Amino acid sequence: MNKKNSSLGKTPGLDFLTVIILIGASVISLFPVLWGLSTALKTDDAVTMFPPEIIPSNITLDNFVSVFTKSDFMIYMRNSILVTLIGVVVATVVAAHAAYALTFFKIRFRKGISFFILMTSMVPPVALLVPLYMLSVKLNLYNTRILLILVYTAWRTPVLTWIMQGFFEKLPMEIVEAGIIDGCSKTKAFYKLILPISQPGIVSAALLSAVYVWNDYLVSSSFITTNEKKMISVGLYQYITQYGIKWGLLMAAVMVSIIPIIILFVCLQRKFVDGMAAGAVKG
Amino acid sequence: MERMKKKKNDTLRAVIFLAPALLLIFCFTIIPIAEAVYTSFHATRYAVVGDFVGIDNYISVMTENDGWKNIINSIEYVVLSLLLALPIGVAIGSLLNRKIKGIAILRTLIVIPWILSQTVTALLWGWLLNGNYGLITYWVYLLTGQKIDLFSTAILAKILVVIVNVWNTVPVIIILTIAALQTISPDLIEAAKVDGASRRTIYFKITLPMIKPTMATALVMQSIEYFNMVTLIYVLTAGGPFKETQTLSLAAYQNGFDYWHMDIAAAYSIIIFVLNIVFSLCYVRILKAKDD
């Protein structure tokens, strides 16, 4: 009986059990988010009710309306979009050039530079925050969005370089050489040939970096004090003091901040997963 | 002659192609490390560096401050998180790899916590576990008849921080497990089936050993990640109660930006940096071993 099941045949019992366990896992995954959503849809009185209502009896959009109209949420959102876009685009461009040079140019210390970049990608942000704070105060860069962009760009560059080197190394060398023989210089071959064919991988690596920057709290909280310059990750935390922890408002703000990223993830799941696999296992 | 010219061209182009990356890394990683080393040997008042004090800051970290306690907390945090995240991740990843209709939707739902930031994760769970109005607090109240602030006892706080971390990061292991499982050739499994091996034997004797290298990578990668984590713990407990959940990384951050002891924070940063370099060298070795 058992043997029959395990050889090729269908196993409805096992499938059923698998689905039950996985549904359980997805409930655990989603529960905190749904509870946050339920809180965001409650009136102030219902939020602080004990025992709490799991599904609100009075659904109201007041919290969401306040987040959009009576707070600096939109400013934080704009700052996050600005810093993330510029930082990731610049880092990707810079890293692509570095990775190309390290893969296709015959230069001295190639392995050494490669290893150096790999090691710097592993220096943790938390070890750099304090000295960067001291330096930025000295250089008058403290509390500027330029500093945020520079820091994110610089910190994403090594990882991106490393990942793209992985992509480039896997390209068939003949294509590149054929391109060069066809009259392209190595520089031209990079823009006309290598970049276009590596584009899917580069996009997924960049996407993952974008999520990193968007989600980061440490850099944007350590180097920015002015409210108008804050990013959304820090702006959220701001609701805790600004309203003396009004959980309904806070959860509404959390929901608005994660909905774009969840939609992006559901649509581009494949790219996210590829990007992570490339970062973790190199190629 | 032609070849020599080509090589020279390559060098010049390489310099242009590499310069921006190296310049950025130099300014925002190398110089700060040097600055941290310098600061860690001096006394500071806010951002102003004062007298040279030798290794006093390091001694202070280990004696007056909670250096040892932080190290133990870090180890506890990393080990407990791995002990939970790895088995759960591999198990769910294995189940998700089965061919069942509609399983793709479940996969999407299950890995959603992965893209939520540590801030959002900590806020969502902080609210669930809120001492006055939290839903989980209410469930505990139903079970015990008492309304308890779950973060007020050291042991519970430690466990809760780990659980929240696992919730946020287990999708990484799940995704890596699925990716590794998909590289296993179906022919191999088929052959084992033909030989009459049971499902269980195939899974434990063939499948699991085949994904071991990827799991080793995940283990080291996640250890480093957990070791360097600040935001999640900071937002959930701020290191409390009585610094029982303050890890090394959190201590570096709090000494700098909560207590404004830049000298002590710099010493913490250097300790973290050195430990990371050691971890990373192990990581690179594992990657190399896998490549060969």
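Since we're looking at a predicted model, the values are computed, not measured. Each chain gets a letter, A, B and so on, in the order the sequences are listed, and its residues count up from 1.
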>> Heavy-atom pairs under 4.5 Å with chain B: which of A:Leu150, A:Ile117, A:Val151, A:Leu17 has the most?
In response: A:Leu150
> With respect to chain A, which residue among B:Ala179, B:Gly256, B:Ala19, B:Pro32 yields the maximal number of heavy-atom pairs within a distance under 4.5 Å?
Replying inline: B:Pro32
> Looking at A:Ser121, A:Pro124, A:Ala101, A:Ala98, which has the largest count of heavy-atom pairs under 4.5 Å with chain B?
Replying inline: A:Pro124
> With respect to chain A, which residue among B:Leu24, B:Ile115, B:Thr29 yields the maximal number of heavy-atom pairs within a distance under 4.5 Å?
Replying inline: B:Ile115
> Looking only at side chains, do A:Ser222 and A:Tyr142 share a donor and an acceptor under 3.5 Å apart?
Replying inline: no
>> Show, in sequence, the C-alpha distance, side-chain angles and deciding distance for A:Phe109 and A:Phe116, and conclude whether the ring-ring contact (aromatic ring centres under 6.0 Å, His included) test is met.
In response: CA-CA 10 Å; A:Phe109 313 121; A:Phe116 169 77; over 10 Å; no
>> For A:Tyr212, does the six-membered ring have the charged nitrogen or CZ of A:Arg156 within the cation-pi criterion, i.e. under 6.0 angstrom from the centroid and within 45° of the normal?
In response: yes
>> So for B:Thr44, is it side chain, backbone, both, or neither that comes closer than 4.5 Å to the heavy atoms of chain A?
In response: side chain
> Which bit of B:Phe227 comes within less than 4.5 Å of chain A, counting heavy atoms only: side chain, backbone, both or neither?
Replying inline: neither
> Take atom CD1 in A:Ile55; do more than 12 heavy atoms of anything else shown fall under 6.0 Å from it?
Replying inline: no
> Stepwise, does the ring-ring contact (aromatic ring centres under 6.0 Å, His included) test hold for A:Phe31 with B:Trp139?
Replying inline: CA-CA 14 Å; A:Phe31 189 69; B:Trp139 290 341; 5.8 Å; yes
>> Out of B:Ser280, B:Pro20, B:Gly102, return the one with the most heavy atom pairs under 4.5 angstrom to chain A.
In response: B:Ser280
> Which members of residues 257-266 of chain A, sorted by number, sit under 4.5 angstrom from chain B on a heavy-atom basis?
Replying inline: A:Ser257, A:Ile258, A:Ile261, A:Ile262, A:Phe265, A:Val266
>> Can you tell me which portion of B:Trp125 sits under 4.5 Å from chain A's heavy atoms? Options are side chain, backbone, both or neither.
In response: side chain
> Given the rule in the ring-ring contact (aromatic ring centres under 6.0 Å, His included) test, do A:His97 and A:Tyr191 qualify, once you have shown the distances and angles that lead to the verdict?
Replying inline: CA-CA 10 Å; A:His97 283 82; A:Tyr191 297 112; 5.6 Å; yes
>> Using side-chain contact (heavy atoms from CB on, under 4.5 Å), reason through A:Trp214 and A:Ile232 one step at a time and then give a plain yes or no.
In response: CA-CA 8 Å; A:Trp214 183 272; A:Ile232 188 72; 4.1 Å; yes
> Do you know which of A:Phe115, A:Trp35, A:Phe104, A:Tyr217 has the most heavy-atom pairs under 4.5 Å to chain B?
Replying inline: A:Trp35
>> Heavy-atom pairs under 4.5 Å with chain B - which of A:Val19, A:Asp216, A:Val47 has more of them than the others?
In response: A:Val47
> Checking B:Val170 against chain A: side chain, backbone, both or neither under 4.5 Å from a heavy atom?
Replying inline: neither
>> Please classify the contact between B:Val172 and chain A as side chain, backbone, both or neither, with a heavy-atom cut-off of under 4.5 Å.
In response: both
> Does OH in B:Tyr203 sit with more than 12 non-hydrogen atoms of other residues, nucleotides or ligands closer than 6.0 Å?
Replying inline: yes
> Between A:Val211, A:Ile28, A:Thr153, which residue shows the highest count of heavy-atom pairs closer than 4.5 Å to chain B?
Replying inline: A:Ile28
> In terms of the angle between their ring planes, are B:Trp260 and B:Phe257 parallel, tilted or perpendicular, with boundaries placed at 30° and 60°?
Replying inline: perpendicular
>> So which residue, B:Phe17, B:Tyr133, B:Phe279, ends up with the most heavy-atom pairs under 4.5 Å with chain A?
In response: B:Phe17
>> What part of B:Ser249 gets within 4.5 angstrom of chain A, counting heavy atoms only: side chain, backbone, both, or neither?
In response: both
>> Checking B:Thr217 against B:Thr214: is there a side-chain donor and acceptor pair closer than 3.5 Å?
In response: no
>> Please classify the contact of B:Ile224 with chain A as side chain, backbone, both or neither, using a heavy-atom distance under 4.5 Å.
In response: neither
> If you count heavy-atom pairs under 4.5 Å with chain B, which of A:Val137, A:Thr120, A:Leu128, A:Thr48 comes out on top?
Replying inline: A:Thr48
> Using non-hydrogen atoms only, which part of B:Asn130 is less than 4.5 Å away from chain A: side chain, backbone, both, or neither?
Replying inline: side chain
